[in-house]
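Let me begin by presenting the structure, written as structure tokens, before commenting on it.
None of the values given here were measured: they were computed from a predicted structure. All heavy atoms count here, side chains included; hydrogens, waters and symmetry mates do not. Order of the sequence lines fixes the chain letters, A, B, ..., with proteins taken first and strands second; residue numbering starts at 1 for each chain.
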Protein chains: 2
Amino acid sequence: MECMNTAPAPADTAAPSDEPRWLTAEEQRVWRFYMHASTLLEDHLDRQLQRDAGMPHIYYGLLVQLAEAPRRRLRMTELAMNAKITRSRLSHAIARLEKNGWVRREDCPSDKRGQFAVLTDEGYGVLRRTAPGHVAAVRQALFERLTPEQQKSLGEIMEIVAEGLQPNEAGADLPWLR
Amino acid sequence: MECMNTAPAPADTAAPSDEPRWLTAEEQRVWRFYMHASTLLEDHLDRQLQRDAGMPHIYYGLLVQLAEAPRRRLRMTELAMNAKITRSRLSHAIARLEKNGWVRREDCPSDKRGQFAVLTDEGYGVLRRTAPGHVAAVRQALFERLTPEQQKSLGEIMEIVAEGLQPNEAGADLPWLR
DNA sequence: GAGCTCTCCTTGAAGGTTAAACAAATGGGG
DNA sequence: CCCCATTTGTTTAACCTTCAAGGAGAGCTC
């Protein structure tokens, strides 16, 4: 029942280095809770959506992105970036959603390499039917359990973390400039 | 670039119901940041460990659990519970780690159904070599970016969320008793 | 101790993800 | 215009995860 980051003994002495800087007991605690919560939450939502909508959480997220986009369509690359997944993964995902009839591909007129993923009416229907249940699940697993201050704090924290891991958000790939 | 939880329009009126309760704009913001950060962080650590240790993050976590257990061994079910994964998934994972020579299976003497997963010396070696790099990655992606207050807050929040999703922690499966 | 149920763990198949390799189109120099 | 690096999106194969099914032992009840 321990953390993911000790292997040898935690050494917090003032040793210059060559002994790596392990996590403190408190950091380990935080990290362990983070890992457990994120694993459990992701699994929970995956199961909920697989049961109620017949697709994993991330696929649902793709449909949502499309539903909110201008003409219910997005270029593959843009969709991949929004959803934080690789183009390869998106390619497979869209192929599957296309087979379901929930998304359709369309050529981009201005760039012959380009493809649009377009949400079909059926896809929109699925979303409309399943969104309430999904929102309820998120609410129940997360928001209902947190105070308003905690919700605010969580938002700030995750914004920082996400920003720091962005593949190459404007300037973020120039660490020597910080 | 929108959230995962709107599909129709957000209605925060005092309508009794049948119109589901959507997330508020602020809740959507929090949820979107959470999804992005957790996705990016998991991918980041997966890639880091795949590159440096030749296994995904969750497999690394299994080795850590074993390293910290009494005789570097754990019953399959216990390991699965600690790591928050299904027994089936664990079975496959241990099979792979066994093939790598990092884990060995051993029969349980007191229960002929039981199996121990035992960390081998080689497995321990891999852990010892790769732990510093992994800790550094976690530190750099998470702890270095957060204030002590934020770290504390994150721990509390994630503890609450994890506790709420526990399959059946003592009494947690009796919601009517809360 | 026979029958039942439950727990422990594994298996196989179906589906999702990854990394690397690729074809095609674009676009910026020369 | 031509070359070449880059961008766009797909493909293949290896790997991982999930789900449903199942074998086998434990343990309870009668």
Does a side chain donor of either B:Ser153 or A:Ser153 reach within less than 3.5 Å of an acceptor in the other side chain? yes
Residue-phosphate contact under 4.0 Å: A:Arg96 side-chain N/O, C:dG16 OP1/OP2: yes
Among the nucleotides D:dC19, D:dT10, C:dA25, whichever has the atom closest to the side chain of A:Arg47 is D:dC19
Tested for side chain to side chain contact (heavy atoms under 4.5 Å, CB included) against A:Leu97, the lone hit among A:Val126, A:Leu119, A:Val103 is A:Val103
With the side chain defined as heavy atoms from C-beta on, A:Thr77 is closest, among C:dC8, C:dT26, D:dT8, to D:dT8
- Task: May I ask you to check if B:Arg105 and B:Phe116 form a cation-pi contact, with NZ or CZ under 6.0 angstrom from the six-membered ring centre and within 45° of the axis?
- Result: no
| query | Has A:Arg87 got a side-chain N or O lying under 4.0 Å from the OP1 or OP2 atom of D:dT7? | reply | no
Comparing B:Ile85 with A:Ile94, nearest DNA chain D nucleotide closer to 5' gives the residue A:Ile94
Point to revise | Note, B:His134 side chain near B:Gln48 side chain (heavy atom, < 4.5 Å) | key: yes
Taken to the nearest whole Å, CZ/B:Arg105 to P/C:dC8 is 16 Å
Ranking A:Arg113 and A:Asp43 by the position along DNA chain D of their nearest nucleotide, the one closer to 5' is A:Arg113
Return yes if the base of C:dT10 and the side-chain atoms of B:Ser88 contain a donor-acceptor N/O pair under 3.5 Å, otherwise no.
no
Original post:
If you take atom types as modelled and just measure distance, does the side chain of B:Arg89 reach the base of D:dT18 with a donor-acceptor pair under 3.5 Å?
Top reply: no
Considering only heavy side-chain atoms of A:His92, the closest of C:dT7, C:dT18, D:dT8 is C:dT18
* For B:Asp46, report the nucleic acid contact type (base, sugar-phosphate, nothing); a contact means any heavy atom under 4.0 Å. => nothing
